[in-house]
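Everything numeric here is computed off the predicted structure, so don't read it as measured data.
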Amino acid sequence: MRRRVALSILGTTLDASKRVPSRWSRWRPTFALCRQPGLRIDRLELIHSPHHQALADLMTEDLAEAAPETEVRAHLTDLKDPWDFSEVYAALSDLAQGYPFDPEAEDYLVNITTGTHVAQICWFLLTEAHVIPGRLIQLSPTPRAPPEEIPIGRHRIIDLDLSRYDALATRFAAERETATSFLKSGIATRNPAFNALIDQIEKVAIRSRAPVLLSGPTGAGKSQLARRIYELKRAQRQVSGEFVEVNCATLRGDQAMSTLFGHARGAFTGAQNARAGLMKAADKGLLFLDEIGELGLDEQAMCLRAIEEKRFRPMGADQDASSDFQLLAGTNRDLAEEVRAGRFREDLLARLDLWSFRLPPLRERREDVEPNLDFELRRFHEREGFKAGFNAEARRLYLDFAASPEALWSANFRDLSASATRMATLAHRGRIDVGTVRGEIETLKRRWRIEAPSGPEAILTPLLGAERLEEVDLFDRAQLAAAVEVCRASPSASAAGRKLFAASRRAKASANDADRLRKYLQRFGLSFEALKPEKISP
């Protein structure tokens, strides 16, 4: 059986008593701690200041008489101000860090009944952080105790291991689900990678004030997610100011400096009045710099200083301005490549890259088309006051097309939102039928044909995706596209290999054309079977 050890601060008020018989009739929590029925205390670590040595000696004597099984060990802490959080936490933390805890042999209880409220909070923090591997114990007197008995009161043990509390664990899980659902605007997304990404963003949004970089193609939802992050932070009382969004692609020259950092009166021609700027407007709030890669190098340098020092110099001003904002940045560019090209500051990217999240395009989340389609129809209803829904056949037709290689979703969720709006607007008596869906499919195809790649890109984009295709050299694209066309026209990998390698195979005594083709396709993450039109996965 493990020995039970209690850590307790000597109560200078509740434990105080004189060397008179009447002290036995008073409830003294440290004394009562060692007299609780069914709770044997084998060792008491009694913490007190040198100024209360006499009281500590008396408590030790009384326990030796009333609880001889309890060994009392004294620990001196000389606190100048027991209400100073920093001083108390440092003292108790040093004691805990230096204490030889042995959880396998001993069970530890931390008494939060005595000591100042500051000390009690420090005990809680150290125990919750597992610096002290134990549980908390709270004591209280018993009302109307018989006068002839020594008052020992009651105790309650508080275990901070939340995994043991089913109701609490369920509640925390529900609250966490509410937070991530909030970031997704309540959309029940199905893509595992995207859901894991949102889980990470939710943790960072709640726990960190550091800048966050959201990357991804245009229309992937960066702006909407940025606003939801702000609303989550505001709900968590982490920001009290406004959400300020600016598209950096619209800023050029002096306008960029003035818009972001403000200007003094007369700073340039036409500056008749001073302007605070958007960074000042975001004080105590959140600033979202969308398409930050479009900023010039001078503006980037000033942004870096504003992020690090919370200070910046408005145009034409003699003094700095200050703004304590939290920063979100968005980009559809590869900022590392922009740094290599000399178009983006490396030090600014290093500051932004602590928390960097890539939002995938819709074509990588085709299973999420359906819940997002329902969300867009709900938004249409709220916006227009007109409710529209699919009949079963029309819904199936639209979703089958949305998941097929024909659906490029080049503008991502902007395409989907526009598509839902068109169908809802044209729905007869609120029902989107097959005819409406077929018309919408033709509209989307026409739009995408105008934007669709030609040549090798037309063949390879549905297979590799536009972003991955960008990593393939132009020379390899032409070669791979030719190989794909031959594979699609051939009944087997061997037949395709014989055609592709007809000249070189004559010089070999034997040739395994199918294996040679297989290895070539593997370089691009492809296989012969996957190239057949009916087997191309959406």
Has the side chain of Lys222 got a donor or acceptor atom that lies under 3.5 Å from a matching backbone atom of Leu359? no
Check: Ala427 main-chain N/O paired with Thr436 side-chain donor or acceptor under 3.5 Å: no
Counting C-beta onward and ignoring hydrogens, is there a side-chain heavy-atom pair between Thr127 and Tyr108 closer than 4.5 Å? no
Please check this pair: side chain of Ser404 against backbone of Phe401, looking for a donor-acceptor N/O pair closer than 3.5 Å. yes
Below 4.5 Å, heavy atoms only, C-beta onward: do Thr259 and Arg275 meet side chain to side chain? yes
Straight-line distance of Glu440 CD to Thr421 OG1, nearest 0.5 Å: 9.5 Å
For residues 331-340, which residue pairs qualify under salt bridge (charged side-chain N to carboxylate O under 4.0 Å, His left out), counting only residues two or more places apart or in two chains? Glu294-Arg333, Arg333-Glu338, Glu337-Arg340, Glu338-Arg343
Glu376: side-chain contact (heavy atoms from CB on, under 4.5 Å) partners, not counting sequence neighbours: Arg379, Ser417, Ala420
Residues passing the side-chain contact (heavy atoms from CB on, under 4.5 Å) test with Ala514, sequence neighbours excluded, are Ala493, Ser494, Asn512
A side-chain contact here means heavy atoms from C-beta on lying under 4.5 Å apart; do Arg395 and Leu399 qualify? yes
Can a donor-acceptor pair be found, under 3.5 Å and without considering hydrogens, that links the side chain of Asp415 to the backbone of Ser410? yes
Student check: side-chain heavy atoms of Arg414 and Thr218 closer than 4.5 Å: yes
In Å and rounded to the nearest 0.5 Å, what is the OG to CG distance from Ser215 to Leu335? 8.0 Å
Check whether any side-chain heavy atom of Thr189 lies under 4.5 Å from a side-chain heavy atom of Arg365, and answer yes or no. yes
Would you say that Ile229 contacts Leu225 through its side chain, given a criterion of any heavy-atom pair below 4.5 Å between the two side chains? yes
Please find the pair of heavy atoms, one from Asn412 and one from Ala220, that lie closest to each other, and give the distance. CB-N, 4.0 Å
Do the side chain of Lys280 and the main chain of Ser322 share a donor and acceptor less than 3.5 angstrom apart? yes
Looking at Ala306, is its backbone amide N or carbonyl O close enough to the side chain of Arg311 to form a donor-acceptor pair, meaning the two atoms are under 3.5 Å apart? no
When you measure from the side chain of Arg237 to the backbone N and O of Ala235, does any donor-acceptor pair fall under 3.5 Å? yes
Pair Arg234, Tyr230: side-chain N/O donor-acceptor within cut-off below 3.5 Å: yes
Among pairs that include at least one residue of residues 350-369, which meet ring-ring contact (aromatic ring centres under 6.0 Å, His included), considering only residues two or more places apart or in two chains? none
Sorted by chain and residue number, the side chain to side chain donor-acceptor pair (under 3.5 Å) partners of Asp320 (sequence neighbours excluded) come out as Arg305, Arg313
Side-chain contact, heavy-atom cut-off 4.5 Å: Pro360 with Asn191? no
Who are the ring pair (Phe, Tyr, Trp, His ring centres under 6.0 Å) partners of Phe344, not counting sequence neighbours? none
Heavy-atom closest pair, residues Leu287 and Leu278: CD1-O, 4.3 Å
Spell out, as yes or no, whether a donor-acceptor pair under 3.5 Å connects the side chain of Gln224 to the backbone of Gly221. no
Plane angle bin for Phe386 and Phe380 - parallel if under 30°, tilted between 30 and 60°, otherwise perpendicular: perpendicular
Donor-acceptor contact below 3.5 Å, side chain Glu393 vs main chain Asp433: no
Please name all residues satisfying salt bridge (Lys or Arg N to Asp or Glu O under 4.0 Å) with Glu242, sequence neighbours left out, ordered by chain then number. none
Check: Asp324 and Arg209 side chains under 4.5 Å, non-hydrogen atoms: yes
Is it true that Arg378 and Asp374 have a side-chain N and a carboxylate O under 4.0 angstrom from each other? no
Those residues at least two apart in sequence (or on a different chain) that pass side chain to side chain donor-acceptor pair (under 3.5 Å) with Lys233 are Gln238, Gln326
Excluding sequence neighbours, so at least two apart, what forms side chain to side chain donor-acceptor pair (under 3.5 Å) with Arg190? Glu370
Those residues at least two apart in sequence (or on a different chain) that pass side chain to side chain donor-acceptor pair (under 3.5 Å) with Glu485 are none
Check: Ala407 main-chain N/O paired with Arg366 side-chain donor or acceptor under 3.5 Å: yes
When rounded to the nearest 0.5 angstrom, what distance separates CG in Leu213 from CG in Leu349? 7.5 Å
Residues Asp347 and Arg345 bridged, charged N to O under 4.0 Å: yes
Supply the atom-to-atom distance Leu373 CG to Asp368 CG, rounded to the nearest 0.5 angstrom. 12.0 Å
Pairing residues for Tyr99 by the ring pair (Phe, Tyr, Trp, His ring centres under 6.0 Å) criterion, not counting sequence neighbours: Phe101
Nearest-0.5 Å distance that lies between atom CD1 in Ile307 and atom CG in Leu327: 4.5 Å
Between Lys519 and Asp515, does the salt bridge (Lys or Arg N to Asp or Glu O under 4.0 Å) criterion hold? Intermediate values first, please. CA-CA 6 Å; Lys519 290 178 179 178; Asp515 184 62; 3.3 Å; yes
Residue pairs involving residues 406-432 (criterion ring-ring contact (aromatic ring centres under 6.0 Å, His included); sequence neighbours excluded): Trp409-Trp448
